Asks: 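First, the structure itself, so that you have it in front of you.
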Amino acid sequence: MDTKYQSAEELAVALRTGEVSSVELTDDAIARIERDDEVTNAICVPDFDRARAAARDADRARARGAERPLLGVPVTVKESYDVEGMATTWGMSQHRAFMPAEDAVQVRRLKEAGAVVLGKTNVPLGLQDIQTFNDLYGTTTNPWDRDRTPGGSSGGSAAALACGFGALSIGSDLAGSLRTPAHFCGVYAHKPTLGLAATRGMALPKELPAEPELAVVGPMARTARDLALLLDVMAGPDPLTHGLAYELKLPPARHDRLGDFRVLVLDEHPLLPTGSAVRAGVHRVAAALTAAGARVEWHSPLLPDLAEAARLYMQLLISGSVARFPMEPHEQQHPDDQSLESVRLRALTLSHRDWLKVNNRREAHRHGWRTLFTEFDAVVCPVTPTPAFPHDHSPDPMRRRIDIDGAAYPYFDQLVWAGLATMPGLPATAVPAGGSSEGLPVGVQLIGPMFEDRTPLRLAELLEQELGGFRPPTER
C-alpha cells in the first residue's frame with residue numbers, strides 16, 4: 001500500500017486491521033527520507049536505528065492486544081525538543097555536545113502513545129527566524145519551491161510533512177512558528193491556548209524550565225482530524241508542577257455543523273497590507289462559510305484594537321528574546337515614533353516597569369477577546385501577508401525587508417497576524433486555503449476562545465471537507 005501521504009488516522013486503522021505493520025511503515029518512511037531529503041533538508045538528526053527498534057516493539061505490543069492512540073505510527077519532532085540520547089542544539093554550534101538526560105514531556109507522551117520517532121527536524125538559529133537555516137545543519141527548503149523558505153521556526157517539521165516524511169510532527173510557536181510553516185508548506189498546525197500543553201524539555205540547552213509568557217508547543221499534521229488526535233496526546237499539565245493538582249478537561253467544540261458557526265473575517269491590518277494571494281485565500285474561506293449558511297461578519301466593534309495589539313506583542317516578543325539572546329541596541333528611536341520597527345528597537349532595552357505596563361494592557365486585550373467570543377465562535381484571518389518568500393540569509397534580520405505585492409516593508413512587521421493570537425494566548429489553527437498564482441500554498445488561521453481549542457479544530461475539519469485540505473507538492 002502507498003502510505004506516503006496517508007493520515008495518522010488512516011495509518012492507525014491499517015495497523016489495527018493488519019493491512020500493514022509498523023516495521024513496514026517505518027522502513028518505507030526511512031527509505032523516502034534517504035531518497036528525497038537531500039534537497040529539502042527537513043530531517044537534520046535521523047534516529048533510524050531506534051525508530052526501527054520502536055517499530056518492532058509496536059508490532060509486538062499490538063500482537064499482544066495493546067491499543068494506544070499512535071501505536072506504530074511514524075512521526076518526527078522539532079530539533080529543539082530534548083530526546084534522550086540525541087543532541088539538542090537549537091541550531092547553535094556551541095551546544096552540539098549537549099546531550100539531555102531525559103525526553104521532553106511531549107516526546108515522552110508521543111512514545112507513551114506508541115509513536116515511532118524517526119528523527120528531529122531542522123530549525124533556525126536559536127529558533128529566532130521566520131526561515132529555517134543554521135550553520136550546524138544547513139538550510140531547509142520549501143518542498144514547493146526550493147528557492148523559498150518553508151518558514152520557521154518549525155520549518156523542518158512542516159517541510160517533512162509536505163514531503164511525506166512521517167504522518168505527524170510536533171513543533172512550537174512564539175511568533176507563528178507552527179502556523180507560518182504550515183501556511184508556507186500547505187499543511188495543518190495548531191497553536192494551543194497558552195499553558196494547555198506542557199513545555200518542559202523544549203527549552204534552550206542548559207536552561208532550567210520556566211513557564212513561558214508567550215510560547216507554546218503544539219501539533220502539526222496533514223489533516224485537521226490528525227491535529228485533534230495529536231493535541232489529545234500533547235495536552236495536559238506538566239506532571240511535576242500543575243499536574244500535581246490539576247486535570248485537563250477541554251470543553252467540546254461549540255458547533256458540529258459549518259452552518260452554525262458565527263465567524264468574524266479579517267483581511268486587513270491597520271499597520272501592514274495583506275498581499276493579494278493571501279487575501280484571496282481568506283476570501284475563499286469566507287465564501288465556503290457563507291455558502292454553508294454560517295454567519296459571517298467582516299467588522300465588529302468588539303474586536304480589540306489591532307494596532308495596539310501589534311505594538312504590545314512586539315514589545316513582549318522582543319524584550320523576551322533579548323533577555324535570552326542579548327543584542328546590541330540599535331540607533332536611538334524617538335519615543336513618539338509608533339511604527340512597529342521603532343517599537344521593536346525600543347523594546348531591546350525595555351525596563352521591567354515598562355514590561356509590566358505592557359503586560360497589564362495584554363490583560364485588557366484578553367478581556368476584549370472574551371467579550372468578542374460571546375458574539376462570535378472564531379476569527380478567520382491571515383497567518384502572514386504573503387505566501388512563502390525567497391531565502392534571505394542577510395545577517396541582520398532587523399534590516400531585512402519583506403515584499404508585499406511589489407512594495408518593501410520591515411521583515412518582522414509580517415508577524416502582526418501571528419501576534420494577534422499569541423499576545424493574548426488564544427488558540428489558533430492554521431489551515432490550507434488554496435494556492436497562489438505562482439503555485440505556492442496559501443493558508444489562513446482560525447482563532448478561537450481561550451481553552452476552547454476544540455472549536456477552531458472542529459471548524460478546521462469542516463472547512464477541510466469544503467476546501468480540500470492538503471495537496472502534495474508539485475514535482476520538484
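Here the structure is a predicted model, which means the values were calculated and not measured.
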Asks: Just checking E38: does its CD atom have more than 12 heavy atoms from other residues, nucleotides or ligands closer to it than 6.0 angstrom?
Replies: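 Check fails, neighbour count at 12 or below.
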
Asks: Would you mind telling me which of S80, S153, S172 makes a side chain to side chain donor-acceptor pair (under 3.5 Å) with S177?
Replies: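 One option only clears the test, and that one is S153.
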
Asks: Decide if atom CZ of R148 counts as having more than 12 heavy atoms of other residues, nucleotides or ligands within a radius under 6.0 Å.
Replies: yes

Asks: Quick one: closest heavy-atom pair of D37 and A42, and the distance?
Replies: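 Closest approach of D37 to A42: OD1-N, 2.8 Å.
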
Asks: Run the side-chain hydrogen bond (donor to acceptor under 3.5 Å, both in side chains) test on Y411 and D129 for me, step by step, so that the C-alpha distance in whole Å, both residues' side-chain angles and the decisive distance to 0.1 Å come before the verdict.
Replies: CA-CA 10 Å; Y411 182 72; D129 206 342; 2.6 Å; yes

Asks: For T121 and S157, run side-chain hydrogen bond (donor to acceptor under 3.5 Å, both in side chains): C-alpha distance rounded to whole Å, both residues' side-chain angles, the deciding distance at 0.1 Å, then the answer.
Replies: CA-CA 5 Å; T121 59; S157 289; 2.7 Å; yes

Asks: If only atom types and distance count, is the side chain of H391 paired as donor or acceptor with the main-chain N or O of R146 below 3.5 Å?
Replies: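 Side chain of H391 to backbone of R146, a donor-acceptor pair under 3.5 Å: yes, one is there.
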
Asks: Among R399, R401, R311, find the one that has a salt bridge (charged side-chain N to carboxylate O under 4.0 Å, His left out) with E341.
Replies: R401

Asks: Between L110, L118, I170, which is the residue that forms a side-chain contact (heavy atoms from CB on, under 4.5 Å) with V75?
Replies: L110

Asks: Parallel, tilted or perpendicular, judged at 30° and 60°: which one describes the rings of W417 and H269?
Replies: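 If you compare the ring of W417 with that of H269, the planes turn out perpendicular.
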
Asks: Could you check whether the rings of F470 and Y5 sit parallel, tilted or perpendicular, using 30° and 60° as the cut-offs?
Replies: tilted

Asks: Of V431, L426, T429, which meets side-chain contact (heavy atoms from CB on, under 4.5 Å) against P456?
Replies: T429

